[in-house]
Amino acid sequence: MKRRLLLKLLGGAGMGALATSFAGDAKANVAASERNNYSENDRAYWVSILHKMAAPILGNISKQQWRKNMPMEVSPTFDSRDPGVGYLEAFGRLLAGMAPWLALPDDATEEGQLRKKLRDQALLGIQYGVDPKSPDYFTWRGPSSQTLVDAAHLALAFLRAPQALWQPLDQVTKKRVVEEFKLLRKIKPNESNWLLFAAMTETFLYSIGEECAREKIDYAVNKFDQEWYVGDGWYSDGARFSFDHYNGYVIHCMQVESLRHNITAGGKYKEMYDRAYKRMQRYAHHLERMISPEGHYVVVGRSSTYKNAAFQPLATVALENKLPEDISKGQVRAALTAILRHIYIDKTFASSGWLRMGVVGDKQSNLADYYTNAGSMYVASLSFLPLGLPADDEFWTCASQPWTSQKCWSAEQFPKDYYVSY
């Protein structure tokens, strides 16, 4: 990674250039020049965006100044729940996407030094987030059931990077995390993707040798495996199908991770895991075809403010080197980078440092749901999973290639598409 390029991106110059690219005046030439620089190193650009998302959160919580410096912003239609739940929401969701990157070995590069700094801050954040005496203690024990959702994302981060985010914690902090997770058992999840949140916290407890509520795990994975799979890589979010991005935000990856980490508990989990993974690969296939030639995607259904989090399954199979055979690494990286460039203009970030409630810019707060707060937006980190691949991995070093819709609409050959029956 070129030192000068990374420093420039982390300094925000590139973000400003992206914002001006829509102006239509002389500044557009400058913006185009900046985008060309990005194309020389997509990884540096991804790191710069993830850093801009993470720095206000991790920098503040590591100094126990997060609540003080960043009052929680909420949706215009926010319900009566305690807005303080948004801090765990932001932290857990952010780490769930950052985890594979934070797990990379330390090195002397600019990126490596930045990664180590953020990892150290994240570990302090976990410590303070479960310390009742800390001003940044998370809202674990209030009346809101939202805590289960965001504890599940923190559990996902632990499962994705145990050596980086769990093992270094001191014994007191570990004990406090376990205690908070077990107290969440009093929350009865909705008959929807919420079942997987309970499965995630219990799966994490199982993974570290703690007693788990196995019935919560089994109930969730069986529902999606046997009852709520509607075919061709798609699950219903409960008994009724909704056309939205919850297959990407939650369902596929939490189903797969729940099963992956329970394989040692019995042979049935391996069979279900293999089936769930193939379904996720098929869904990733759909996601790649949903990206327009220009790098836009279909915005549909609730929680659309979650932005590029919709592409978590595609990011997962890229991270694990299990892309569908007819999709190349170069086309996936290029397509996901194009999406990021469209979303993360300057105005997508508020002056406070929070991500704004919308998809792009500062005028879409009407999209925020009644359960949405500023912390909710950090689920967008989930499509940054390929940063967990080393900088010299083929995913980052191969040439950019046109993705499927670009091939189609430029009159090039592209693969046919057929449904699957698993």
Side-chain angles (χ1 to χ4, degrees), residues 92-93 95-104 149 151-167 177 181 189 193-226 228-229 233-235 246-285 287 309 311-324 379 381-389 420 422:
R93 294 177 183 211
L95 289 193
M98 291 184 72
W101 181 61
L102 295 179
L104 288 175
V149 180
H153 284 87
L154 183 57
L156 181 57
F158 289 144
L159 289 169
R160 283 174 168 167
Q163 294 182 342
L165 296 177
W166 177 253
Q167 293 180 13
V177 171
F181 276 21
N193 68 90
W194 275 57
L195 296 179
L196 291 169
F197 301 141
M200 287 305 303
T201 55
E202 297 299 333
T203 294
F204 168 68
L205 292 172
Y206 171 72
S207 77
I208 60 171
E210 290 285 333
E211 180 183 359
C212 70
R214 182 147 301 279
E215 67 278 6
K216 289 181 177 287
I217 299 171
D218 288 344
Y219 188 73
V221 296
N222 286 330
K223 276 287 186 181
F224 282 96
D225 179 64
Q226 300 174 15
W228 294 344
Y229 182 64
W234 288 76
Y235 291 100
Y246 268 84
N247 271 260
Y249 298 150
V250 176
I251 296 171
H252 274 289
C253 291
M254 287 199 177
Q255 174 79 344
V256 164
E257 292 298 334
S258 295
L259 292 166
R260 187 202 306 268
H261 293 280
N262 279 286
I263 288 174
T264 56
K268 65 177 182 179
Y269 297 107
K270 178 62 164 62
E271 179 184 349
M272 294 171 70
Y273 168 76
D274 290 342
R275 185 161 53 242
Y277 206 100
K278 289 192 296 183
R279 292 170 176 176
M280 182 170 69
Q281 287 174 309
R282 174 56 178 160
Y283 188 76
H285 206 274
L287 286 173
F311 292 87
Q312 180 184 197
L314 181 59
T316 299
V317 296
L319 171 66
E320 298 180 359
N321 196 27
K322 293 183 179 179
L323 287 167
V379 75
S381 74
L382 295 175
S383 80
F384 288 81
L385 295 174
L387 283 175
L389 295 167
V420 300
Y422 39 78

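Remember, it's a predicted structure, so these values are computed and weren't measured experimentally. One-based numbering along the sequence shown.
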Next on the checklist: Take a 6.0 Å sphere around CD of E215 and say whether it holds more than 12 heavy atoms from other residues, nucleotides or ligands.
Outcome noted: yes
Checklist entry - Considering all heavy atoms of both residues, which atom of A155 and which atom of F204 are nearest to each other, and what is their separation? => result CB-CB, 3.9 Å
Item to check | Steps toward side-chain hydrogen bond (donor to acceptor under 3.5 Å, both in side chains) verdict (Y273, D225) | outcome: CA-CA 9 Å; Y273 168 76; D225 179 64; over 6 Å; no
Next on the checklist: Measuring from atom CG of L314 to atom CE of M280, what distance do you get when rounded to the nearest 0.5 angstrom?
Outcome noted: 10.0 Å
Checklist entry - Looking only at heavy atoms, what is the nearest atom pair of P189 and W194, with distance? => result CB-O, 3.5 Å
Checklist entry - Which pair of non-hydrogen atoms, one from S258 and one from V221, has the smallest distance, and what is that distance? => result CB-CG1, 4.0 Å
Next on the checklist: Could you measure the distance from the CG atom of N247 to the NE2 atom of H252? Nearest 0.5 Å is fine.
Outcome noted: 4.5 Å
Next on the checklist: Tell me whether the rings of F158 and F181 are parallel (<30°), tilted (30 to 60°) or perpendicular (>60°).
Outcome noted: tilted
Checklist entry - Could E257 and R260 be called an ion pair, given the rule that one side-chain N must be under 4.0 Å from one carboxylate O? => result yes
Next on the checklist: For D218 and K268: C-alpha separation, side-chain torsions, deciding distance, then whether side chain to side chain contact (heavy atoms under 4.5 Å, CB included) applies.
Outcome noted: CA-CA 10 Å; D218 288 344; K268 65 177 182 179; 3.4 Å; yes
Checklist entry - Can you say whether the rings of F197 and H153 are parallel (under 30°), tilted (30 to 60°) or perpendicular (over 60°)? => result tilted
Next on the checklist: Let me confirm one number: the CZ-CD distance from R275 to Q226, rounded to the nearest 0.5 Å.
Outcome noted: 7.5 Å
Item to check | Side chains of V149 and R93 in contact at under 4.5 Å (non-hydrogen atoms) | outcome: yes
Next on the checklist: For a 4.5 angstrom cut-off between non-hydrogen side-chain atoms, does V317 reach H285?
Outcome noted: no
Checklist entry - Taking the side chain from N193 and the backbone from I251, do they hold a donor-acceptor pair closer than 3.5 Å? => result no
Item to check | Nearest-0.5 Å distance, CG of residue L319 to CD of residue Q312 | outcome: 10.5 Å
Next on the checklist: Set out, in order, the CA-CA distance, both residues' side-chain angles and the distance that settles side chain to side chain contact (heavy atoms under 4.5 Å, CB included) for Q167 and I208, then state yes or no.
Outcome noted: CA-CA 10 Å; Q167 293 180 13; I208 60 171; over 6 Å; no
Next on the checklist: Has E202 got a side-chain atom pairing as donor or acceptor with I217's backbone, closer than 3.5 angstrom?
Outcome noted: no
Item to check | Inter-residue atom distance E210.CD - T201.OG1, 0.5 Å rounding | outcome: 12.5 Å
Next on the checklist: Show the nearest heavy-atom pair for residues L382 and A315, with the distance to one decimal.
Outcome noted: O-CB, 4.0 Å
Next on the checklist: Just so I know, are the side chains of L387 and L104 near enough to count as touching, which here means a heavy-atom distance under 4.5 Å?
Outcome noted: no
Next on the checklist: Would S207 and L159 count as a side chain to side chain contact (heavy atoms under 4.5 Å, CB included) here? Give the steps.
Outcome noted: CA-CA 8 Å; S207 77; L159 289 169; 3.5 Å; yes
Checklist outcome for this item: A157 and A99 have their tightest heavy-atom pair at O-CB, 3.6 Å
Checklist entry - Hey, mind stepping through E320 and Y277 against side chain to side chain contact (heavy atoms under 4.5 Å, CB included) and telling me if it holds? => result CA-CA 11 Å; E320 298 180 359; Y277 206 100; 2.5 Å; yes
Checklist entry - Does a side-chain N-to-carboxylate-O contact under 4.0 Å join K278 and D274? => result no
Item to check | Heavy-atom closest pair, residues P324 and Q281 | outcome: CG-O, 3.6 Å
Checklist entry - Rounded to the nearest 0.5 Å, how far does CG of L259 lie from CE of M272? => result 5.0 Å
Checklist entry - Between the main-chain N or O of N262 and the side-chain N or O of T203, is there a donor-acceptor pair closer than 3.5 Å? => result no
Next on the checklist: Does either side chain, that of Q255 or that of Y229, offer a donor lying less than 3.5 Å from an acceptor on the other one?
Outcome noted: no
